[in-house]
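Residue numbers start from 1 in every chain, and the chains themselves are labelled A, B, ... in the order their sequence lines are given, proteins ahead of strands.
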Amino acid sequence: MELPTRYEPQATEEAIYKTWLDADCFRSTPDDRPAYCITVPPPNVTGALHLGHALNHTIMDALGRRKRMLGFNTLVLPGTDHAGIATQSVVERQIAGEGISRHDLGREKFVERVWQWKGEYGDRIVRQLQRLGCGYDWHRLRFTMDEPYVDAILTVFERLYDQGYIYLGKRIVNWCPFHRTAISDIEVEHTDENGSLYHIRYPFTDGSGSVTVATTRPETMLGDTAVAVNPGDARYSGLIGKTLALPLVGREIPLIADDFAQPEFGTGAVKVTPAHDPNDFECGLRHDLPQIIVIGEDGAMTEAAGAAYAGLDRDEARKRVLADLEAQGFLVKTEAHAKTVGRCDRCKTVIEPLLSEQWFCRMAGTPMVEKAIADARDERVRFVPGRYRDIYLRWMENLRDWPISRQLWWGHRMPLWRMTDGDPKAQESYVCARDRAQAEAKLGSADVVQVDDVLDTWFSSALWPFATLGWPSESEETKRDLAYYYPTDALFTAQEILYLWVARMIMTGEEFMGDKPFDDVYIHATILDEKGARMSKSAGNGVDPVDLIELYGADATRFALAREAGQRQDIRVKPIREGRQEQVEQARNFANKIWNASRFALMNLEGYEPPAADAPTPTALADRWILSRLDAAAEAVNAGMDSYNLDDAARALYEFFWDDFCDWYIEAAKPRFQGEEAAQAKHVLWFTLERTLRLLHPIMPYITEAIWQNLPGAKERAGVDHLMFAAYPEKGIAARDPRAEADWALVQEVTRAIRTLRAENNLKGAGEAFFAPSDDAARATAGANADIIAFLARAQPLTFAAGPEDGFLAPTRFGDVRVPRPEVSAEEVAQERARIEKDIAKIDKDLAGLNVRLENPQFVASAPAPVVEKARAQASELNEKRAKLEERLKQIG
RNA sequence: GGGCGAAUAGCUCAGUGGUAGAGCGCCUGUCUUACAAACAGGUGGCCGGGGGUUCAAAUCCCUCUUCGCCCACCA
């Protein structure tokens, strides 16, 4: 077997993936097996895969692969998202580099450019997922702008519209002046910033004094249509109803009473700008106030702001207004004031609350929302970790209507039409129609126009679990797929899109499929940098998974992520420094260990034919022990995978493979391959390796496949061509053997004692060692394994006797170990004495602790008997050990 | 302003009532016929602070501090 001593993933992984594709391993069609279906969160077509994706897909692929091996018909259905605002932003930035804006190009040309972008970058994501090893059914790859998918969107829209859920509303929305579109609350990012609170004096028109208001946004005063005070505020009790003259503008506005003005804030008087603040808007409705829009869609002041300010950017306008107020004596004072500022989560532009006409979808109280709440409350949809259920419920129970129209160009244009001369601000003008012909028929006119707006990108992603499976097609294939795969089994995502996406999928699933979209929602950790900060392109602290894969291979990258992917809220990932990344490097070392252990096994199993009876039933201790450990590992790995604790599974595999299988079993097996135990040792080696490869495969698919393909008899015994189709080992694949585990502990402890004595005393080469077992059981176990202990400890031979009086001594639980002492210098004697004294000091410390407990009558009375027994046993062991060490001290003088 | 998570060896993390573990790092040896990306041995921690419950607390409760995440229309 010609295998290099180092595992080189770069040389093999891509070729292996190709064999899987060529054999069409990942295709899923309904059959007699139970289904396991995941529709993957579609990455945006904005660019490349980031580490969060890598984690997300590692988890899904690992769990999907394991289910396939457990006999489920696994469908992991991939796709990409057109990602309206995000992709439009990217392309706008791109053309900005050419010195043009989307408005220079015009809608049609611009959308062409975005399609071009999608063509280039959509495939790139797919290639990167394949490089990561994802076993997805690429025949079913979906894109949110594919024709059948668009059909689903139109169908959903039509139904919601016909039921009266979709309406045109005039509201304050979050307006992004950069994108020139409305966005929803959850697309606004809040940051705490240092600002100022400005106190401005508004004089009464009758010259009887003034009222001072406090505001953080002085520029909006140009649109004020009232000042409000709390009706219970004694300071203003006689003044309500009087008229104020708005400084700079001169407009006469009333002083009104409204509960939303809080006496304790500022001066207790608040300026009311109904067109630019949600609270003021509500207040304006209550008092029937005019709504004056002074900031336009581009973030600049409008004509209504007055000639002096029109055309100024809002920041510039603020400065000008303040200067003018100051000059005219209206600015009373300015104080520092921390405030939260809303920014567009895509471009970080400060959001302008703006009064505008938008399309909304009704939420609160609708059956789909009620059902989506009930699904979580009754745990028909299970959240993992469970705490996210409460977070979800709290949000769902306070839902506001969903603004679904966006003033973007890249997206699904809303299927709403009106006659050209119809009132665009009246809902009655509109009909819902899929195309011009239908619109003309419905409106009874050929002179029709479609609304310019596109749908919120999350409107389309909300349909993902069923639209990707073909809904609303009535074809036999679709009906079969939906019946078989829906509801899907689990959804895997990060917490940031719990509301944006998860909640809405549950609602639409209930509304249009009459059932939840998935059983489980697993919210995995968010990737943070080493200091705990969010990774972002602008901060430059990102780690590119493609770099990690190129450095260390996909298996190592996957293992490193899986090993930390538990129920935690975040995972810290260090940067790549000087071409190294610690966490993935450790995983790469593990892969290399797997490679080399397997290489050793393959060398010893050349030409080997595993017996027909798959599972060995050996008699030798080492064999019984490793099989028992294998079974324990299988149990732990399955438990971890079943409970979304991939980290536990990864750790169990790591520890079993490295500590048990490599460090002890393989080492112990070396001499046995020559002796009379060779047959059973080889069988156990083959079996343990083969089953371990199966256990590892979901997390490290490439290296395990590479080895398995070379393992003699593996394919024949499993009856399949690829490891991914072999049965996944579960608890019970081998005999649990507590006796063997207890006996092996002796082998380990005696071995370690000899090793330590030899290492600490600088004894080179193989030498003698003595073991005086404390009882017959220890003698029997050690006797049967003397050769192995001697081999492992590089001690030759192991003699069952007290050994020479002047030998180095190590008391163990099973008896005394001695290693003969050659000529030593006074210095070396001093070193040995120091070590023994240190050991005794440690024993004394432990004994003191134990005695405190044992001498406490309450401990003896209250603690469970086994605990007391254990403490007594420990104390007596330590006393014994101490006595022996003391004796040894006297010996060396 | 609410909600949540985290704080354990220099670093990254395990450890949910019985006197602390792993990997990396560091120190000593070793090219022992799978692996120096390795092997053997060792060093290293009043488990963030304070209180409480208990015979017994890293672990359960309260509180404080620090860091982070999510949510939030107080000018």
Starting at atom [atom1] of [X], determine the distance to atom [atom2] of [N], rounded to an integer number of angstrom.
X      : N      : atom1 : atom2 : result
A/F673 : B/rA34 : CZ    : P     : 10 Å
A/E397 : B/rG2  : CD    : C1'   : 16 Å
A/Q874 : B/rA20 : CD    : P     : 10 Å
A/E496 : B/rC4  : CD    : C1'   : 16 Å
A/F661 : B/rA34 : CZ    : P     : 13 Å
A/I391 : B/rA72 : CD1   : P     : 13 Å
A/L500 : B/rC71 : CG    : P     : 8 Å

Atom pair OG/CG of A/S196 and A/L322 - distance to nearest 0.5 Å: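 So the OG of A/S196 and the CG of A/L322 are separated by 8.5 Å.
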Any residue meeting ring pair (Phe, Tyr, Trp, His ring centres under 6.0 Å) with A/Y236, in chain and number order, not counting sequence neighbours: none
Would you indicate what [X] reaches in the nucleic acid, counting non-hydrogen atoms under 4.0 angstrom: base, sugar-phosphate, or nothing?
X      : value
A/Y499 : sugar-phosphate
A/T526 : nothing
A/R835 : nothing

If the sugar-phosphate is the primed atoms plus P, OP1 and OP2 and the base is the rest, what is the B/S/- string for [range], using protein heavy atoms under 4.0 Å?
range                        : value
nucleotides 7-14 of chain B  : ----BSSS
nucleotides 55-61 of chain B : B------
nucleotides 36-42 of chain B : -BSSSSS

A/D659 vs A/L850, nearer the 5' end of RNA chain B by closest nucleotide: A/L850
5'-most by nearest nucleotide on RNA chain B - A/A214 or A/R387: A/R387
NZ/NE/NH1/NH2 to OD/OE distance under 4.0 Å, A/E219 and A/R217: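 Looking at A/R217 together with A/E219, the answer is yes, because their closest N to O distance falls below 4.0 Å.
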Can you give me every donor-acceptor pair (side chain of residues 645-653 of chain A, partner residue at least two apart or in another chain, under 3.5 Å) with its distance?
residue, atom, partner, partner atom, Å
A/N645, OD1, A/Q567, NE2, 3.2
A/N645, ND2, A/S643, O, 3.3
A/N645, ND2, A/S643, OG, 2.8
A/D647, OD2, A/R651, NH2, 3.3

Donor-acceptor side-chain pairing of A/Q748 and A/T751 below 3.5 angstrom: no
Pair assignment for RNA chain B - dot-bracket with | for other-strand partners, Watson-Crick or G-U under 3.5 Å: ((((((((.[[[[.)..(..]]]].(((((.......))))).....[[[[[..)....]]]]])))))))....
For a quick test of your reading: what N or O donor-acceptor pairs under 3.5 Å do the side chains of residues 255-277 of chain A make, sequence neighbours left out?
residue, atom, partner, partner atom, Å
A/D258, OD1, A/F260, N, 3.0
A/D258, OD1, A/R286, NH2, 3.0
A/D258, OD2, A/R286, NE, 3.0
A/D258, OD2, A/R286, NH2, 3.4
A/D258, OD2, A/H287, NE2, 2.7
A/T267, OG1, A/T212, O, 2.4
A/T267, OG1, A/A269, N, 3.3
A/K271, NZ, A/T220, OG1, 2.7
A/K271, NZ, A/D224, OD1, 3.0
A/K271, NZ, A/T273, OG1, 2.9
A/T273, OG1, A/D224, OD1, 2.6
A/H276, ND1, A/P353, O, 3.4
A/H276, NE2, A/V294, N, 2.9
A/H276, NE2, A/I295, N, 3.2
A/D277, OD1, A/N279, N, 2.8
A/D277, OD1, A/D280, N, 3.1

Per [X] side chain, nearest of listed nucleotides [options]:
X      : options                : value
A/W395 : B/rG18, B/rC71, B/rA34 : B/rC71
A/Q262 : B/rC74, B/rA34, B/rC73 : B/rC74
A/H190 : B/rG3, B/rA72, B/rA34  : B/rA72
A/V867 : B/rG18, B/rC69, B/rU30 : B/rG18

A/D555 and A/F590: CA distance, side-chain angles, deciding distance, side chain to side chain contact (heavy atoms under 4.5 Å, CB included) verdict: CA-CA 10 Å; A/D555 284 330; A/F590 180 48; over 6 Å; no
Side chain to side chain contact (heavy atoms under 4.5 Å, CB included) against [X], all qualifying residues, sequence neighbours excluded:
X      : result
A/P866 : A/P864
A/R588 : A/Y552, A/A556, A/E585
A/S356 : A/V173, A/Q358

Pair listing, salt bridge (Lys or Arg N to Asp or Glu O under 4.0 Å) test, anchored in residues 755-767 of chain A, at least two apart: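 For residues 755-767 of chain A: A/E760-A/R835.
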Partners meeting side chain to side chain donor-acceptor pair (under 3.5 Å) with A/Q495 (sequence neighbours left out):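 Counting only residues at least two positions away or on another chain, A/Q495 forms no side chain to side chain donor-acceptor pair (under 3.5 Å).
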Row check, A/Y654 ring normal vs A/R563 NZ/CZ: under 6.0 Å, within 45°: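 Because its charged atom sits under 6.0 Å from the ring centre and within 45° of the axis, A/R563 does stack over A/Y654.
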Aromatic ring proximity A/Y388/A/Y392, centre distance under 6.0 Å: no
Presence of A/K670 side-chain N/O under 4.0 Å of B/rU32 phosphate oxygens OP1/OP2: no
Candidate pair A/R577 and A/Q581, rule side chain to side chain contact (heavy atoms under 4.5 Å, CB included), full reasoning: CA-CA 6 Å; A/R577 277 199 199 97; A/Q581 204 286 345; over 6 Å; no
